[in-house]
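Atoms within a ligand are numbered from 1 in the order they appear, just like the ligands themselves.
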Amino acid sequence: MFARVIGTGSCLPGNPVSNDDLAARGIDTNDEWIVTRTGIRSRYLAEPGTTSSQLGLTAAQRALEMAGIGAETLDLIIVATSTPDYIFPSTACLIQGKLGNKGAAAFDVQAVCSGFTYALGIAEKFIRSGSHRRALVIGAEVFSRILDWNDRGTCVLFGDGAGAVVLEASEKPGILATAMHADGSQSGILNVPGQVCGGQVTGDPFLRMDGQAVFKFAVRVLADIAEEVCANAGVATADVDWLIPHQANIRIIEATGKKLGIDRDKVIVTVDRHGNTSAASVPLALDEAVRDGRIQRGQKVLVEGVGGGFTWGAALLEF
Ligand code: UT7
């Protein structure tokens, strides 16, 4: 029994915000620096009041529509997010309520930019065990809410959005292998160290990052985990049709592709237009490439993420 993707969907809020738009808002930056260092040209930023659950709901509705199934038939809903609407209830429960589903198991996964790959791996295990048959897996973020807009080293990198997939138990191949890892000793290089305590935010509520340490870590683990899932599935990396790495920086994406020997034209890239949308980046890129016809049924797609924790995860699927 496989967990097979039967629908994908995504949602980006509002209009693209260019690098020049950010400079015009008073951030001490320029298009040339951002494009050269990251490959990012624009990103989407949610209006105040727009939440992860709203973006995730729209992505989910589009995925359900592609799958041709009703939300009431889902028995598992997992949302990967580090920017939930509330401390609780989970964003998964909020989306479940808005979809009108009753009874499915619903919970959030917090693995930052690896969150979607973690959620996909968890859903796959539920389905393979036979306990669940139809899962909705969402990555949804409003990272713009946790950015320090006075820190030009981080605020230009991120964007908001959501992506979703519907998985179904199937005898036809679907997810072939998954892997998830973490190294908590690296929690200091990317974090949001604030807390809610006694009704107040205490500490620093904004994202902080040691960019160069993150860069080196990301390139190493993205190559390692891609090889791991390919080996577990018995598939050569040369036989991967599409690589969808976490969309954080074009230089990380290109270095990963190069290490794996995967041609540039087999790598799906959205970072130029979406920026880094954390847990939403992989399902957003997947949905784009499914809808524009690049990803075809029967092809092998390798998705992978890396992010705060540090965490990293991957899945190899036959689409
Ligand atoms: O999901 C995982 C999340 N994060 C990542 O994947 C990020 C990984 N890291 C990176 O992508 C890169 O390290 C960055 C893009 C964040 C930074 O690139 P870098 O080549 O490591 O630059 P840097 O931080 O060493 O900064 C170089 C210079 C500094 O100026 P000085 O000290 O050399 O005068 C910065 O102040 O660039 C300056 N700088 C900027 N200049 C214009 C930093 N941010 C900006 C900016 N605009 N936005």
A.B. asks: What protein heavy atom is closest to atom 9 (N) of ligand 1, reported as residue, atom name and distance in Å?
C.D. replies: Gly211 O, 2.9 Å
A.B. asks: Given Met66, which partner from the list Val5, Asp287, Val165 fulfils the side chain to side chain contact (heavy atoms under 4.5 Å, CB included) test?
C.D. replies: Asp287
A.B. asks: Students should be able to answer this: which protein heavy-atom is nearest to atom 24 (O) of ligand 1, and at what distance?
C.D. replies: Gln212 NE2, 4.5 Å
A.B. asks: Does ligand 1 have an atom under 4.0 Å from some heavy atom of Gly307?
C.D. replies: no
A.B. asks: Determine, considering heavy atoms only, which of Val271, Thr36, Asn276, Thr29 sits nearest to atom 3 (C) of ligand 1.
C.D. replies: Asn276
A.B. asks: Mind checking whether Arg152 has an N or O less than 3.5 Å away from an N or O of ligand 1?
C.D. replies: yes
A.B. asks: Please check if a non-hydrogen protein atom sits closer than 4.0 Å to atom 21 (O) of ligand 1.
C.D. replies: yes
A.B. asks: Residue-level breakdown please: for Ile252 versus ligand 1, do any non-hydrogen atoms fall below 4.0 Å on the side chain, on the backbone, on both, or on neither?
C.D. replies: side chain
A.B. asks: For atom 33 (O) of ligand 1, state whether the nearest protein heavy atom is under 4.0 Å away.
C.D. replies: no
A.B. asks: Distance to 0.1 Å, residue and atom name: give those for the protein heavy atom nearest to atom 6 (O) of ligand 1.
C.D. replies: Ala248 CB, 3.3 Å
A.B. asks: Would you say atom 1 (O) of ligand 1 has a protein heavy atom nearer than 4.0 Å?
C.D. replies: yes
A.B. asks: Nearest heavy atom to atom 10 (C) of ligand 1 wins, so pick from Thr154, Asn19, Thr38, Asn249.
C.D. replies: Asn249
A.B. asks: What is the closest protein heavy atom to atom 17 (C) of ligand 1, and at what distance does it sit?
C.D. replies: Trp33 CH2, 3.9 Å
A.B. asks: What about Met209: any of its N or O atoms under 3.5 Å from an N or O on ligand 1?
C.D. replies: no
